[in-house]
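Position 1 is the first residue of the sequence; numbering continues from there. Side chains included, hydrogens not; waters and symmetry mates left out as well; all remaining heavy atoms used.
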Amino acid sequence: MGRGKIKIKRIENATNRQVTFSKRRGGLLKKANELAVLCDARVGVVVFSSTGRMFEYSSPACSLRDLIEQYQNATNSQFEEINHDQQIFVEMTRMRNEMEKLESGIRRYTGDDLASLSLADINDIEQQLEFSVTKVRTRKHQLLNQQLDNLRRKEHILEDQNSFLCRMISENQHGVGGEPKMVGMPPVLSMLTSAFPPTPYYGGEESSSTALQLTSPQLQLQAAEAAGFRLQPTQPNLQDPACSSLHAGHGLHLW
């Protein structure tokens with residue numbers, strides 16, 4: 001069975017079209033080479049793919065440029081020389097037209113130059129602007145959330161530092177080096193002075209030790225416990241002449 005006849009028309013599938021181009025290009029160049037070798041002909045083939053890639057073939061005895069010159073001499077035709085000035089002018093004109101289109105589009109997005117637009121064009125511009133505003137607001141919310149997170153972290157750090165400083169201050173207030181504080185002494189002294197008013201002692205001078213000596217032992221112990229101190233009874237120096245004369249009435253004698 002022979003192969004079925006293929007309809008000569010454009011292949012819609014891009015993959016199949018590329019595969020067919022590669023196969024038939026190879027076959028065409030192969031046939032051109034066979035023609036040049038078998039018949040001693042001067043053959044030149046130039047093929048451009050749909051993507052713009054160029055493939056060429058020329059006979060082994062000549063180059064493609066020689067074949068083009070021979071073609072021009074045979075047909076009395078000349079290719080137009082490229083005028084660089086004209087090419088630069090055409091390129092500048094194209095770029096100027098593109099710049100005008102971009103400027104017109106910018107003016108339309110800012111609400112100007114809308115008189116020449118139709119209702120469909122205005123709807124398209126409105127949808128594009130709404131989409132752009134949505135993206136801008138989304139980015140704005142992201143930045144705000146990042147700033148809030150940074151501020152919360154800073155707040156936690158400051159709270160930790162504040163707690164540490166308060167704890168250090170509290171420890172310093174409760175005593176440095178284990179020394180007791182005299183916070184309870186003023187109330188005790190006021191209680192003692194109210195219970196036992198000061199009495200003149202040798203020339204009218206007041207002495208707190210006189211008040212403590214005249215109190216009963218029980219009140220002295222209570223006052224000392226309230227103040228946080230421990231009192232120890234003192235004994236007079238019996239060898240002191242002044243003390244011996246004071247305690248002579250109590251039957252104390254030195255032997």
Heavy-atom count check: over 12 atoms from other residues, nucleotides or ligands less than 6.0 Å from [X] [atom1]?
{"X": "Phe89", "atom1": "CZ", "value": "no"}
{"X": "Arg94", "atom1": "CZ", "value": "yes"}
{"X": "Asp40", "atom1": "CG", "value": "no"}

Does some side-chain heavy atom of [Y] sit less than 4.5 Å from a side-chain heavy atom of [X]?
{"X": "Leu144", "Y": "Gln147", "answer": "yes"}
{"X": "Gln70", "Y": "Asp66", "answer": "no"}
{"X": "Asp149", "Y": "Arg152", "answer": "yes"}
{"X": "Phe21", "Y": "Val47", "answer": "yes"}
{"X": "Asn33", "Y": "Leu29", "answer": "no"}
{"X": "Lys101", "Y": "Ser104", "answer": "no"}
{"X": "Asn150", "Y": "Arg153", "answer": "yes"}
{"X": "Gln87", "Y": "Glu91", "answer": "no"}

To the nearest 0.5 Å, what is the distance between [atom1] on [X] and [atom2] on [Y]?
{"X": "Leu165", "Y": "Gln161", "atom1": "CG", "atom2": "CD", "result": "7.0 Å"}
{"X": "Thr51", "Y": "Gln18", "atom1": "OG1", "atom2": "CD", "result": "6.5 Å"}
{"X": "Arg53", "Y": "Arg25", "atom1": "CZ", "atom2": "CZ", "result": "7.0 Å"}
{"X": "Asn145", "Y": "Lys140", "atom1": "CG", "atom2": "NZ", "result": "12.0 Å"}
{"X": "Met92", "Y": "Met99", "atom1": "CE", "atom2": "CE", "result": "10.0 Å"}
{"X": "Glu130", "Y": "Gln128", "atom1": "CD", "atom2": "CD", "result": "11.0 Å"}

Treat each ILVMFWY residue as a node, draw an edge where side-chain heavy atoms are under 4.5 Å apart, and state whether [X] and [Y] are in one component.
{"X": "Ile106", "Y": "Tyr109", "value": "no"}
{"X": "Val45", "Y": "Val37", "value": "no"}
{"X": "Val46", "Y": "Tyr57", "value": "no"}
{"X": "Met54", "Y": "Leu64", "value": "yes"}
{"X": "Leu28", "Y": "Val19", "value": "no"}

[Y] backbone acceptor or donor facing [X] side chain under 3.5 Å:
{"X": "Asn162", "Y": "Leu158", "value": "no"}
{"X": "Ser170", "Y": "Cys166", "value": "no"}
{"X": "Ser63", "Y": "Ser58", "value": "no"}

At their closest point, which heavy atom of [X] faces which heavy atom of [Y], and how far apart are they?
{"X": "Pro60", "Y": "Ala36", "value": "CD-CB, 4.4 Å"}
{"X": "Glu12", "Y": "Arg17", "value": "O-NH1, 3.3 Å"}
{"X": "Ala32", "Y": "Val43", "value": "CB-CG1, 3.9 Å"}

Exercise for review: Using the side chain to side chain donor-acceptor pair (under 3.5 Å) rule, take Asp121 and Ser118 through it: C-alpha gap first, then chi angles, then the decisive distance, then the call.
Suggested key: CA-CA 5 Å; Asp121 295 336; Ser118 62; 3.2 Å; yes

